[in-house]
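Bear in mind the structure is a predicted one, so any value in this text is a computation, not a measurement. Sequence positions, counted from 1, serve as the residue numbers for this chain.
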Amino acid sequence: MSTISGHSQATINLNNNLFSSIRVIIETAFYGNNVQLIDHLAQAYQLATKSPGTIVTDLAVSHTEELKLPKDSKVLVFNDGEIIGRTAAARRVIGEPGISQVKYEKILREAIYQSRIRQFYHGKVIVGLDQEFSVKAHVLVPEGFENNLYSYLLNFEVLTAESETDYQHSQTYNEGDLYIFADPEWQHPAFPDGLVLIDAMHNVAAVLGLRYFGELKKATLTLAWALANRNGFIACHGGLKQYQFPTHRYTMAVFGLSGSGKSTITLARSADDVVTVLHDDAFVISKKKGSTTALEPAYFDKTQDYASNDPTVSSFLTCQNVGVTLNDSGEKVLVTEDIRNGNGRAIKSRFVTPNRVDHLDDKIDAVFWIMKDDVFPPVVKINDPILAAIFGATLATKRSSAENIRKEEVDQLVYVPYANPFRVYPLAEDYQAFKELFEKQDTDCYILNTGYFDQKKITPEVTLKSVEAIAKKQAQFLPLGKLSELSYLPVTGFPEPFNEATYQECLYQRLTSRYQFILEQEELLSGYHELPAEAIKSLKGLLKKLKK
């Protein structure tokens, strides 16, 4: 899917739906005489190495030829200050109830005016790595933040003559390119947490007063997912991989917030498994075909689970918010494992995963909702399409260090529909899309609890072994107490109290909490988060069974 990047005067007059005041304000900034186009990764790398505060380590970047980087490229480290995660409180979405477009037009015009005296760099990338879904994105980053520009061009697919040719042969829709304006040094007394302004209907965003690279990545994905949703795709904040066994292939998608185990589950494979990985964070599903397309070639993953000598480090390209020390040879090397601070991050190249692909034609065999809800055993199967969609809409998890939140919020159980806090369209659209996936494409649905059950930690080993048993079609499920709609996978070492009154009361309370969450969402934003009546009815049915 390509976008309309150039407009004749006649096209502009005939396609005013492509434009809004917010879009025009942002796009116009890209054409200033203080803007330099950076269209080669090698050029971006050199700028980043000279940017104040950059640490050029002695770790060599691998696969430089394939990545179109200088042969002697090194892993670059750049560290932020106080804020080292995404700031959800900064987001404002044009079109949502209560958001005044006129108010934010003024703020945005002034922000761009004040930025005019500084040098900016313009980068171009492709989001979506197959002709079935492909969109061009532009980012504008000021001098002093060259590392964010370099990481952005690495994270997405930098626009080259080759990728431009492929892009021009992809399907075209009546959409404009994505434009993201960033000024991390912006300040405003009314926005102490910064401002991420999203006009998703017109494919533009502004990231103001925020240094963290993840804000640029997620703002871009927010726009791409919204565009995909408008054009026949399901937007997925999750990972997808395919097992290839001698007797069959098994394609699975996992959905969870950062820190839930999404990347671990997606990228893991046993020694005797043949596994193809699409991506661990962002992809789309064709509603018509059931095929899947990755949005990014690289991975932006936590470094907390990697020791400095882990083989995975050889795939690092840039690092954010990690430490550096000297080894015995006096070489600058990484200090990972979140010793410096939480949420250390790295851009990893696509070569970290063998058999990496950008597109799969096979339909998805199963969706796994990753939760940290201690009412559930390690694996639960949902045997009803409506309930499968409901549990996605009430995905329960805990906040992590990937987000800039108050300390007391870290361990709180929260509901994040479809593990996607970046959705900028009505919740019912995701609900309907996933329900149809379960109904019409015979996709199974499971809950993976990666937290605790009966005060016992569910380890990654337990989760991965269970997932592999399901993929090999060797898993046997049993009814979850009174609820035939739910069944569980017996796991050695974990209790099975599902017929006990105490457990059923606990499950009743947790399902009631989901029921109340859905009702509360209906009251927010004038129905923006409202689900169809069938969702309420279905949950009521479960609660009634538990009380019999």
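Under the 6.0 Å distance and 45° angle rule, K472 does not count as a cation-pi partner of Y243. Annotation: cation-pi geometry not satisfied between R211 and F145 (NZ/CZ under 6.0 angstrom from ring centroid, within 45° of ring axis). Cation-pi geometry between R116 and Y113 is satisfied (NZ or CZ under 6.0 Å from the ring centre, within 45° of the ring normal).
Note: F316 and Y306 have perpendicular aromatic rings, judged against thresholds of 30 and 60 degrees for the angle between ring planes. Between F300 and Y212, the ring planes are tilted. Angles from 30° to 60° get that label.
Considering R350, K217, K348 in turn, K217 is the only one that fulfils the salt bridge (charged side-chain N to carboxylate O under 4.0 Å, His left out) rule with E296. Each of Y250, F391, Y446 was checked for a ring-ring contact (aromatic ring centres under 6.0 Å, His included) with F368, and the lone residue meeting it is Y446. Remark: of the listed residues D177, L178, I126, L178 is the sole one forming a side-chain contact (heavy atoms from CB on, under 4.5 Å) with V135.
Heavy-atom neighbours of E66 CD from other residues, nucleotides or ligands within 6.0 Å: above the threshold of 12.
The existence of a salt bridge linking D374 and R510 is confirmed by a sub-4.0 Å separation between a basic side-chain nitrogen and an acidic carboxylate oxygen. Under 4.0 Å is where a charged nitrogen must lie from a carboxylate oxygen, and between K218 and D281 at least one such pair does.
A centroid separation of 6.0 Å or more is found between the aromatic rings of F233 and W225. Taking the centre of each ring, Y45 and H40 stay at or above the 6.0 Å mark. Ring-centre distance between F213 and F78: not below the 6.0 Å cut-off.
Of all the heavy atoms in H122 and V35, the pair that sits closest is CB-CG1, 3.7 Å.
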